[in-house]
Amino acid sequence: MMDSAGGYALGHMTFDTFMPTGGGMSLAKQKNLRLAYDTAWRFAQEPTGWLLFKGGFGAGKTHLAAAIANYRLQNGQPALFIVVPDLLDYLRATYSPHSAVTYDERFEALRGAPLLLLDDFGAHSATPWAQEKLFQLLNFRYNAQLPTVITTNQELEEIDLRLRSRLADVTLCQIITITAPDFRQSGPNRLESELSELDLHFDQRFENFDLRRDTLDREGRDALGAAFETCKHYAQFPEGWLVLVGEYGCGKTHLASAIANYRGELGDTVLFIVVPDLLDHLRATFNPNSAVTYDRRFEEIRKAPFLVLDDLGTESATPWAKEKLFQLINYRYAANLPTVFTTSLKINQIEPRIRSRMADARRCTIIDDFAPSYRGEIQAVNGERKRRPKK
């Protein structure tokens, strides 16, 4: 906790130590981070209303909130900074018969603080008691219009409806979504280096996709050409979902990779992963030696700004695997996040709960059986019959 007495653990998190241009990020992400920095700086000068920082793990939300608190404290102004799970523990501790502070005293100090900064909102255990205490706290500050800063990696749709309505009040609350990747990982492509397999497909682009004009009949060429143009359009304007259905070797992974490479070159954070590998990454977090928690890994995947799930349907169809995939895909459906799927299954063979989301034509475009397999195709080269290399 921070207060005007000083002696806090985040004293090094100041505006001077924050990197508003990031490192190795696209221009769009640098501009986004600069906006967050400038907004925090202005709020520190004159804290009025509420400020909500949303974003993934390690995006800089806590640093900016702490920088605001540090600036106020260094200028002799009160500020109270606390991680939300710790806040609830502080309140619970007052029920101990040995507590030197009553619940009412501690709760009043929190809700009436001249400037309150709540870090990691949503990381707490969402018990009815916890939800009620947080609502009482924030509802008081909302009605009193007391300056408040909140950081969260949740989407607004995941927050309790009563609190969401207060956060959505544009007359009081400013929401800044930080799109920067995790600063605590090394390298320019932090998220990609952890999970994404896109580097294995770096050479699969629209420019070198074979439209097979010499080997397909006219109907086949037209179908493949239409699929190709649909994928190019989606790469330029990625809204909703795109599902590529076809037999092994038909070119669907190449097209998905071309989309992902196109978005990556524009600066998007792209996660390209084969579905069985995705589940292996989740299982690996249960290892006691894992440096990453399950919750963090799952959040990285389900909230990826642009996600490609390759080879859906080749995973082991255990109840656990089905449930995790549904949770991930259902979240992206509800949030309408850009997602590309490839699968060799017929649509009616896909797990029913996932299939029902794909059937929503408002959110999803399905390209089905757009080409036969490349593999085993015979072509004439210099008068000889030669087997085309595998793609």
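Starting from 1, each residue takes its place in the sequence as its number.
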Would you find a donor on one side and an acceptor on the other, under 3.5 Å apart, between the side chain of Asp210 and the backbone of Arg212? yes
Do the non-hydrogen side-chain atoms of Phe18 and Met13 ever get within less than 4.5 Å of each other? no
Leu110-Tyr90 co-clustered via ILVMFWY side chain contacts under 4.5 Å: yes
Under a 4.5 Å side-chain heavy-atom rule over Ile, Leu, Val, Met, Phe, Trp and Tyr, are Val270 and Leu337 clustered together? no
Stepwise side chain to side chain contact (heavy atoms under 4.5 Å, CB included) test for Ser196 and Val308: CA-CA 9 Å; Ser196 187; Val308 178; over 6 Å; no
Taking Ala113's backbone N and O only, do any of them form a donor-acceptor pair with Arg141's side chain (distance below 3.5 Å, no angle check)? yes
Asp119 side-chain N/O to Ala65 backbone N/O, donor-acceptor pair under 3.5 Å: no
CG (Leu266) and CG (Asp268) are apart, to the nearest 0.5 Å, by 6.5 Å
Taking the side chain from Glu315 and the backbone from Ala317, do they hold a donor-acceptor pair closer than 3.5 Å? no
Examine distances only and state if a side-chain atom of Ser344 and a backbone atom of Tyr248 form a donor-acceptor pair shorter than 3.5 Å. no
Is the closest side-chain donor-acceptor distance between Arg332 and Thr339 under 3.5 Å? yes
Is there a side-chain contact between Tyr262 and Gln236, using heavy atoms and a 4.5 Å cut-off? yes
Test Thr171 against Asp169 for side-chain hydrogen bond (donor to acceptor under 3.5 Å, both in side chains), laying out the working first. CA-CA 5 Å; Thr171 65; Asp169 183 350; 2.5 Å; yes
Distance-only, no hydrogens or angles: does the Arg111 side chain make a donor-acceptor pair with backbone N or O of Leu138 under 3.5 Å? no
Side-chain touch Val84/Leu134, heavy atoms, less than 4.5 angstrom: yes
Full working for side chain to side chain contact (heavy atoms under 4.5 Å, CB included) between Ile175 and Lys54: CA-CA 7 Å; Ile175 300 175; Lys54 291 167 59 258; 3.7 Å; yes
If we ignore hydrogens and angles and just use 3.5 Å, is the side chain of Ser99 paired with the main-chain N or O of Tyr95 as donor and acceptor? no
So, Asn330 versus Arg353: side-chain donor-acceptor pair below 3.5 Å or not? no
Quick one: CG on Leu64 to CH2 on Trp41, what's the gap to the nearest 0.5 Å? 12.5 Å
Can you tell whether the side chains of Arg205 and Glu207 come within less than 4.0 Å, N to carboxylate O? no
Looking only at non-hydrogen atoms, find the nearest pair between Phe272 and Ala260 and report the distance. CD1-CB, 4.2 Å
For Glu239 and Tyr234, which I'm curious about, is there any donor-acceptor pair between the side chains at under 3.5 Å? no
Quick one: does Lys252's side chain have a donor or acceptor within less than 3.5 Å of a partner on Gly246's backbone? yes
Does the side chain of Asn139 come under 3.5 Å of the side chain of Arg166 through a donor N or O and an acceptor N or O? yes
Can you tell if the side chain of Leu87 reaches within under 4.5 Å of the side chain of Lys133, non-hydrogen atoms only? no
Donor-acceptor under 3.5 Å (Arg263 side chain, Ile259 main chain): no
Check whether any side-chain heavy atom of Tyr333 sits under 4.5 Å from a side-chain heavy atom of Asp360, and report yes or no. yes
Please report the interatomic distance CG(Leu328) to CD(Glu299), rounded to the nearest 0.5 Å. 9.5 Å
With the threshold set at 4.0 Å, does a side-chain nitrogen-carboxylate oxygen contact exist between Asp369 and Lys346? yes
Would you check if there is a donor-acceptor pair between the side chains of His63 and Thr17 at a distance under 3.5 Å? yes
Check step by step if side chain to side chain contact (heavy atoms under 4.5 Å, CB included) holds for Leu255 and Phe228. CA-CA 7 Å; Leu255 287 173; Phe228 179 80; 3.9 Å; yes
When clusters are formed by joining ILVMFWY residues with side-chain heavy atoms under 4.5 Å apart, either directly or through shared neighbours, do Tyr103 and Leu137 land in the same one? yes
Going through the checks in order, is the salt bridge (Lys or Arg N to Asp or Glu O under 4.0 Å) test met by Arg42 and Asp38? CA-CA 6 Å; Arg42 288 193 298 269; Asp38 291 343; 5.0 Å; no
Output yes when a side-chain donor or acceptor of Thr343 lies under 3.5 Å from a complementary backbone atom of Gly313, and no otherwise. no
Would you check if Val243 and Cys364 make a side-chain contact, meaning some heavy-atom pair closer than 4.5 Å? yes
Is the shortest heavy-atom distance from the side chain of Leu52 to the side chain of Gln174 under 4.5 Å? no
Under the criterion side-chain hydrogen bond (donor to acceptor under 3.5 Å, both in side chains), I'd like the reasoning laid out for Thr253 against Asp310: C-alpha separation, chi angles, the key distance, then a yes or no. CA-CA 7 Å; Thr253 294; Asp310 191 33; 3.0 Å; yes
Are Leu115 and Ile176 connected in the hydrophobic side-chain network, where two residues link if heavy atoms are under 4.5 Å apart? yes
Is Leu88 linked to Ile82 within one hydrophobic cluster, defined over Ile, Leu, Val, Met, Phe, Trp and Tyr using a side-chain heavy-atom separation of less than 4.5 Å? yes
Do we see a donor-acceptor contact under 3.5 Å between the side chains of His254 and Asn208? yes
Could you tell me whether the side chain of Trp241 reaches within less than 4.5 Å of the side chain of Arg363, counting heavy atoms only? no
Ignoring hydrogens and angles, state whether a donor on the side chain of His201 or Gln204 is under 3.5 Å from an acceptor on the partner side chain. yes
